[in-house]
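What follows is one structure encoded as structure tokens, with my remarks underneath.
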Amino acid sequence: MPRERNLTRVRTRPRGGAVAAAGLAALLALTGCSPDGGKGGTGGDGGGEPAAGGTALHAVASLTVKGRAPKTGYARERFGTAWADTDGNHCGTRDDILKRDLTAVRFTDGHCKVASGKLAEDPYTGQAVTYERGRSKVDIDHLVALSDAWQKGAQQWPGRKRVALANDPLNLIAADASANRQKGDGDAATWLPPNKAYRCDYVAHQVAVKKKYGLWVTQAEKDAMTGVLKGCPTLKLPSGGAPTEAPERFAAK
């Protein structure tokens, strides 16, 4: 938002003072300076205030911009066995995220395999969604799709880093299956959640993941991210999740 300025009433001056004031105003207009010694305007993209450190909007400016690399060679297996137990808690990553994101959770084995639950408010649609194992309308989505990551740096990584990305809770969310499949491997320039109330959090997590793992973005993607985050300029950049390299017992081709 534009910076609010304190306006002071100008006192009436003799003619000579008025001429001097007019000259000063003309000089300030030419130099772009304001009377308090600062620059006119408020800085930042499009004339907005510079984003504060620690915010998602500040972080998006630091992402590297490159073109999308070819998808050649991509396969899910390049990111390791699906839902590997990288944190060593004896539960697969999928069940870990279901336990984290669902309510009224019931298990098939008492502690790990989620049998049923409810996504009280699906982040992508804003609707309630019921989860039943084997007949689920709930997917576990990679906020930064693995194919998108492959085309923006991950194909150059060692296998254990790809395994880490695929199982990092920072990059995972339980979501409505239909909406998730509409997203496919899209980035922020090609797909945003229909639920507008979640878009800031969605994009902030994508920025956090791409910054954490050193993935790049296209210019269109960065522009889309910036556009969303300007609507929530104080939103903090998400953090945490797993280490960026899986334990040695995991591998990917």
Side-chain angles (χ1 to χ4, degrees), residues 1-3 39 41-69 79 86 93 97 100-101 123-124 140-158 160-175 180 183 185-246:
M1 296 177 61
R3 183 173 61 192
K39 289 288 183 181
T42 53
D45 292 340
E49 285 282 0
T55 63
L57 182 57
H58 184 268
V60 74
S62 69
L63 298 178
T64 299
V65 175
K66 292 185 183 181
R68 183 185 294 271
F79 291 81
T86 54
T93 301
I97 302 304
R100 184 194 71 184
D101 292 354
Y124 290 174
I140 303 303
D141 182 37
H142 291 96
L143 291 150
V144 173
L146 301 185
S147 172
D148 180 64
W150 179 263
Q151 296 171 78
K152 295 172 183 173
Q155 61 182 278
Q156 302 166 9
W157 295 351
R160 284 165 56 195
K161 186 173 181 179
R162 292 197 293 270
V163 173
L165 174 69
N167 294 280
D168 192 334
L170 185 65
N171 191 36
L172 295 168
I173 193 167
N180 178 45
K183 170 190 171 181
D185 61 359
D187 60 24
T190 59
W191 190 88
L192 290 170
N195 178 19
K196 293 182 179 180
Y198 182 67
R199 288 182 180 179
C200 279
D201 283 335
Y202 175 78
V203 170
H205 273 82
Q206 287 190 329
V207 173
V209 170
K210 293 211 164 187
K211 186 173 179 64
K212 177 178 178 179
Y213 283 86
L215 293 164
W216 69 73
V217 293
T218 64
Q219 186 61 60
E221 180 183 6
K222 186 173 184 179
D223 290 345
M225 287 175 158
T226 302
V228 169
L229 294 173
K230 280 184 175 180
C232 42
T234 61
L235 181 64
K236 294 297 184 183
L237 184 72
S239 61
T244 57
E245 186 174 68

Which atom pair, heavy atoms only, marks the closest approach of [X] to [Y]?
{"X": "Asp168", "Y": "Tyr213", "value": "OD2-OH, 2.8 Å"}
{"X": "Ala188", "Y": "Glu221", "value": "N-CG, 4.3 Å"}
{"X": "Ala69", "Y": "Gln155", "value": "CB-NE2, 3.7 Å"}
{"X": "Ala246", "Y": "Ala164", "value": "N-CB, 3.7 Å"}
{"X": "Val207", "Y": "Ala59", "value": "CG1-CB, 3.8 Å"}
{"X": "Lys210", "Y": "Val217", "value": "CD-CG1, 3.6 Å"}

To the closest 0.5 Å, what do you measure between [atom1] ([X]) and [atom2] ([Y])?
{"X": "Thr226", "Y": "Leu57", "atom1": "OG1", "atom2": "CG", "result": "6.5 Å"}
{"X": "Arg160", "Y": "Thr244", "atom1": "CZ", "atom2": "OG1", "result": "10.5 Å"}
{"X": "Lys222", "Y": "Lys66", "atom1": "NZ", "atom2": "NZ", "result": "13.5 Å"}

Under 4.5 Å between any side-chain heavy atoms of [X] and [Y], yes or no?
{"X": "Leu170", "Y": "His205", "answer": "yes"}
{"X": "Tyr202", "Y": "Val228", "answer": "no"}
{"X": "Thr93", "Y": "Leu172", "answer": "yes"}
{"X": "Lys152", "Y": "Val144", "answer": "no"}
{"X": "Pro123", "Y": "Asp201", "answer": "no"}
{"X": "Lys196", "Y": "Arg199", "answer": "yes"}
{"X": "Leu165", "Y": "Lys161", "answer": "no"}

Determine whether a donor-acceptor pair (N or O, by modelled atom type, separation under 3.5 Å) exists between the side chain of [X] and the backbone of [Y].
{"X": "Trp157", "Y": "Trp150", "answer": "no"}
{"X": "Gln219", "Y": "Val65", "answer": "no"}
{"X": "His142", "Y": "Asn171", "answer": "no"}
{"X": "Gln151", "Y": "Ser147", "answer": "yes"}

Parallel, tilted or perpendicular, as decided by the 30° and 60° cut-offs, for the rings of Tyr124 and Tyr198: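 Tilted: the ring planes of Tyr198 and Tyr124 meet at 30° to 60°.
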Residues forming a salt bridge (Lys or Arg N to Asp or Glu O under 4.0 Å) with Asp185, sequence neighbours excluded: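 With neighbours one apart ignored, the set is Lys71.
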For Lys211, all residues meeting salt bridge (Lys or Arg N to Asp or Glu O under 4.0 Å), sequence neighbours excluded: none
Residues Thr218, Asp187; criterion side chain to side chain contact (heavy atoms under 4.5 Å, CB included); working and verdict: CA-CA 9 Å; Thr218 64; Asp187 60 24; 4.2 Å; yes
Lys183 and Asp148 ion-paired at < 4.0 Å: no
From CA spacing to verdict: side chain to side chain contact (heavy atoms under 4.5 Å, CB included), Leu192, Val203: CA-CA 8 Å; Leu192 290 170; Val203 170; 3.9 Å; yes
Please report, to 0.1 Å, the donor-acceptor pairs under 3.5 Å made by any side chain of residues 231-240, with sequence neighbours excluded.
none

